[in-house]
Amino acid sequence: MADRGEHASSRPPERQRIKKLAQAALNADVTVEQLEGILADMGETLDGLGPTMDGLNATIAKLDSTLVRLSGTLDQVDATVDRMSDVVGRLERVVGRVEALVGIGEAALRPLGALESAGKSVVARLGWH
């Protein structure tokens, strides 16, 4: 009977061990199912990511062509500004010449203005207005 006592006391730890192993197996099975669910969801997400990346690549290509056009437009604006600067310079020279001619004309007309004023005085004194 002493032998039975030893066998009886050694069995519960083995049973406990088997229970723990069985529980670990069940936990591992649940974990594997959870991982499969997560991987399935990730697969759907990755499948949806493909068209999104294609759309992003197309958008980047359009942006690149738009930037090339914008760069060309800016080059044209720069060239136009240079030409406008030349035109403004020429106009300033023309305006300077016109101002000089106006000054000469005013100087030439001063004696006529004085003559007109004197003539008006004479006419007023004679009473011919």
Side-chain angles (χ1 to χ4, degrees):
M1 289 214 169
D3 286 340
R4 274 189 175 199
E6 284 180 10
H7 289 304
S9 65
S10 66
R11 280 189 188 171
E14 285 179 20
R15 237 185 209 165
Q16 289 289 31
R17 184 173 175 214
I18 290 173
K19 278 184 176 180
K20 285 182 181 178
L21 288 173
Q23 187 62 43
L26 287 174
N27 289 344
D29 190 41
V30 169
T31 303
V32 168
E33 287 178 14
Q34 290 173 343
L35 281 173
E36 286 174 347
I38 290 170
L39 290 174
D41 291 343
M42 282 180 62
E44 291 174 14
T45 302
L46 291 174
D47 288 343
L49 188 60
T52 301
M53 291 303 292
D54 291 341
L56 180 61
N57 286 338
T59 302
I60 288 172
K62 288 178 185 176
L63 177 62
D64 188 42
S65 66
T66 301
L67 289 174
V68 167
R69 288 177 45 205
L70 178 62
S71 177
T73 302
L74 289 175
D75 290 343
Q76 290 175 347
V77 167
D78 287 345
T80 302
V81 167
D82 290 342
R83 282 183 268 153
M84 291 299 292
S85 177
D86 292 343
V87 168
V88 168
R90 285 187 227 138
L91 283 174
E92 286 175 345
R93 287 193 299 274
V94 168
V95 167
R97 290 177 187 156
V98 168
E99 286 176 345
L101 289 174
V102 167
I104 292 170
E106 287 175 346
L109 291 177
R110 277 190 205 124
L112 289 177
L115 184 61
E116 178 188 11
S117 179
K120 284 182 181 180
S121 298
V122 169
V123 169
R125 287 191 181 188
L126 294 175
W128 290 346
H129 23 94

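Positions are given from 1 along the sequence. As a basis for the values below, the full set of heavy atoms in this structure was taken, side chains included, without hydrogen atoms, waters or symmetry mates.
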Rounded to the nearest 0.5 Å, what separates atom CD in E36 from atom CD in E33?
7.0 Å
Start with the C-alpha distance between L46 and L49, add both sets of side-chain angles, then the distance that settles side-chain contact (heavy atoms from CB on, under 4.5 Å), and finish with yes or no.
CA-CA 5 Å; L46 291 174; L49 188 60; 4.1 Å; yes
When rounded to the nearest 0.5 angstrom, what is the spacing between CD in E99 and CD in E92?
10.5 Å
Tell me whether T45 contacts the main-chain N or O of D41 through its side chain, where contact means a donor paired with an acceptor under 3.5 Å.
yes
Please determine whether residues V88 and V95 belong to a single hydrophobic cluster, defined as Ile, Leu, Val, Met, Phe, Trp and Tyr linked transitively by side-chain heavy-atom distances below 4.5 Å.
no
Where the side chain of T66 meets the backbone of K62, is there a donor-acceptor pair that is under 3.5 Å apart?
yes
Short side-chain to backbone donor-acceptor contact, T80 and Q76, under 3.5 Å:
yes
Hey, could you give me the CG/CG distance between L115 and L109, rounded to the nearest 0.5 Å?
12.0 Å
Could you state the interatomic distance from CG (N27) to OG1 (T31), rounded to the nearest 0.5 Å?
6.0 Å
Would you say L35 ends up clustered with L26 if hydrophobic residues are merged whenever their side chains have heavy atoms under 4.5 Å apart, either directly or through other cluster members?
no
Nearest-0.5 Å distance, OG1 of residue T59 to CG of residue D64
12.5 Å
Rounded to the nearest 0.5 Å, what separates atom CG in D29 from atom CD in Q34?
10.5 Å
Work out which heavy atom in P51 is nearest to a heavy atom in D47; give both atom names and the distance.
CD-O, 3.0 Å
Go through V87 and R83 one step at a time and tell me if the side-chain contact (heavy atoms from CB on, under 4.5 Å) criterion holds.
CA-CA 6 Å; V87 168; R83 282 183 268 153; 5.5 Å; no
Tell me whether V123 shares a hydrophobic cluster with L126, the cluster being built from Ile, Leu, Val, Met, Phe, Trp, Tyr side chains joined at under 4.5 Å.
yes
